[in-house]
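See structure below.
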2 protein chains.
Amino acid sequence: MKLNTKSRYAVMALADMSKFPLNDPISLRDISLRQSISLLYLEQIFLKLKKNDIVKSVRGTNGGYVLKRDPKSIKLSEIFQALDQKVKTVGCKKESKKGCNGKLAKCITHELWDELEVYINNFFENKSLNDLLINKNRIN
Amino acid sequence: MKLNTKSRYAVMALADMSKFPLNDPISLRDISLRQSISLLYLEQIFLKLKKNDIVKSVRGTNGGYVLKRDPKSIKLSEIFQALDQKVKTVGCKKESKKGCNGKLAKCITHELWDELEVYINNFFENKSLNDLLINKNRIN
DNA sequence: GTAATACTTGACTATTTTAGTCGGGTATAT
DNA sequence: ATATACCCGACTAAAATAGTCAAGTATTAC
Ligand code: FES
Ligand code: FES
């Protein structure tokens, strides 16, 4: 089980932003330099964050992105969702009656994996952007 | 975040086995048929389970695999480990002093991802094969 | 003793996913 | 005007996944 870079970078970038005065637009270029994330990749990521109302954009010189809400109210689960990222531990389609084996009942392990999915989603549900900043006295 | 089929099948196959009288060898062919998992793939999986002392093999006619220990004592974490499967949510090498950004300190989000890793591993650590069988009255 | 069953092992491969890049935009402040 | 910075779709190299294949060996049943 691996976490992909897109989600990781998204959280990293947003965490970076929330260390600065809110309402001040922050350019992706700055984030890119500070966090060593490819600018072009960040653009892709932020487009999705914007579409999902997590940030808003300010165009033109001195433009950039601004957090749309208080970091306290931005849950990690929202960020993941914004990037179309899902925790998928079951092998079947949840909506379907069929199991991962193609048969008409769910397999022996279905319940287990479902439980795991809920368990992991819980983690994301209970973390806000703000929770990352408790250590305000860090350098990076 | 996705779970791969190898881990999923491994647990499924072992769960299948633990529903039958222990000490009776069960052939992969049977498991393959019952659980609709490719026989050739199962062979690959069981080789690793064997190397990691989770099952033992009995060759020849009426042979198959036998659980080496009580299902109560086989933790999911062991099964995953046997298949070289790791939960990896951090972007960096844990042992290294460097962060995922190549810099000399760990990044802003490192602690978060590390926490998540521990959290997920906990789930696997606290589940045994036996926990899957509480519903003994299932068909599949 | 020979056939059938079933494990053993390493190598190989198609497909999918990931982790980005590229090109050509548009809007805004100075 | 011009530089900055967001916007957007399409593209691609590389890695991971999900298997398959070939060529065995050991054991039991007849
Ligand atoms: S995981 Fe849902 S049926 Fe197997
Ligand atoms: S995840 Fe470890 S340094 Fe970024």
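A, B, ... follow the sequence lines: proteins, then strands. Residue 1 opens every chain.
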Who else is in [X]'s hydrophobic cluster (ILVMFWY, side-chain heavy atoms under 4.5 Å, direct or via others)?
X	result
A/Val58	A/Val66
B/Leu33	none
A/Leu40	none

Pairs involving residues 74-104 of chain A, ordered by first then second residue, that meet ring-ring contact (aromatic ring centres under 6.0 Å, His included) (sequence neighbours left out): A/Phe80-A/Phe124
How would you list, by chain and number, every residue that makes a side chain to side chain contact (heavy atoms under 4.5 Å, CB included) with B/Cys92, sequence neighbours excluded? B/Val90, B/Cys100, B/Lys106, B/His110
Taking side chain to side chain contact (heavy atoms under 4.5 Å, CB included) as the test, write out the residues that go with B/Asn126, two or more places apart. B/Asn122
Could you run through nucleotides 14-19 of chain D and give me one letter per nucleotide, 5' to 3': B if any protein heavy atom sits under 4.0 Å from the base, S if only the sugar-phosphate is that close, - if neither? ----BB
For nucleotides 24-30 of chain D, just jot down a letter per nucleotide in 5' to 3' order: B, S or -, based on protein non-hydrogen atoms under 4.0 Å. BBBBBS-
Output the rounded distance in Å from [atom1] ([X]) to [atom2] ([N]).
X	N	atom1	atom2	result
A/Lys50	D/dC6	NZ	P	10 Å
A/Lys48	D/dC7	NZ	P	15 Å
A/Leu49	D/dC8	CG	P	14 Å
B/Glu43	D/dC21	CD	C1'	11 Å
A/Asp24	D/dA5	CG	C1'	16 Å

Just to be sure I understand the rule, does B/Phe46 reach a base, reach only the sugar-phosphate, or reach nothing, if contact means heavy atoms closer than 4.0 Å? nothing
Contact span of DNA chain C against chain B, any nucleotide atom under 4.0 Å from a heavy atom, 5' to 3', runs C/dA4 to C/dT17
At under 4.0 Å, does any side-chain N or O of A/Ser57 touch on OP1 or OP2 of D/dC7? yes
Using the salt bridge (Lys or Arg N to Asp or Glu O under 4.0 Å) rule, collect all pairs that involve residues 24-43 of chain A, keeping only residues at least two apart or in two chains. A/Asp16-A/Arg34
Got a sec, which residues hit ring-ring contact (aromatic ring centres under 6.0 Å, His included) with B/Tyr119, two or more places apart in sequence or on another chain? A/Tyr119, A/Phe123
Below 3.5 Å, can you tabulate the donor-acceptor pairs from side chains in residues 46-57 of chain A to any protein atom, sequence neighbours excluded?
unit_1, atom_1, unit_2, atom_2, d
A/Lys48, NZ, A/Asp84, OD2, 2.5
A/Asn52, ND2, A/Lys48, O, 2.9
A/Asp53, OD1, A/Lys68, NZ, 2.6

Side-chain heavy atoms under 4.5 angstrom apart, residues restricted to Ile, Leu, Val, Met, Phe, Trp, Tyr: same cluster for B/Trp113 and B/Val118? no
Could you grab the distance from atom CG of B/Leu129 to atom NZ of B/Lys75, nearest 0.5 Å is fine? 13.0 Å
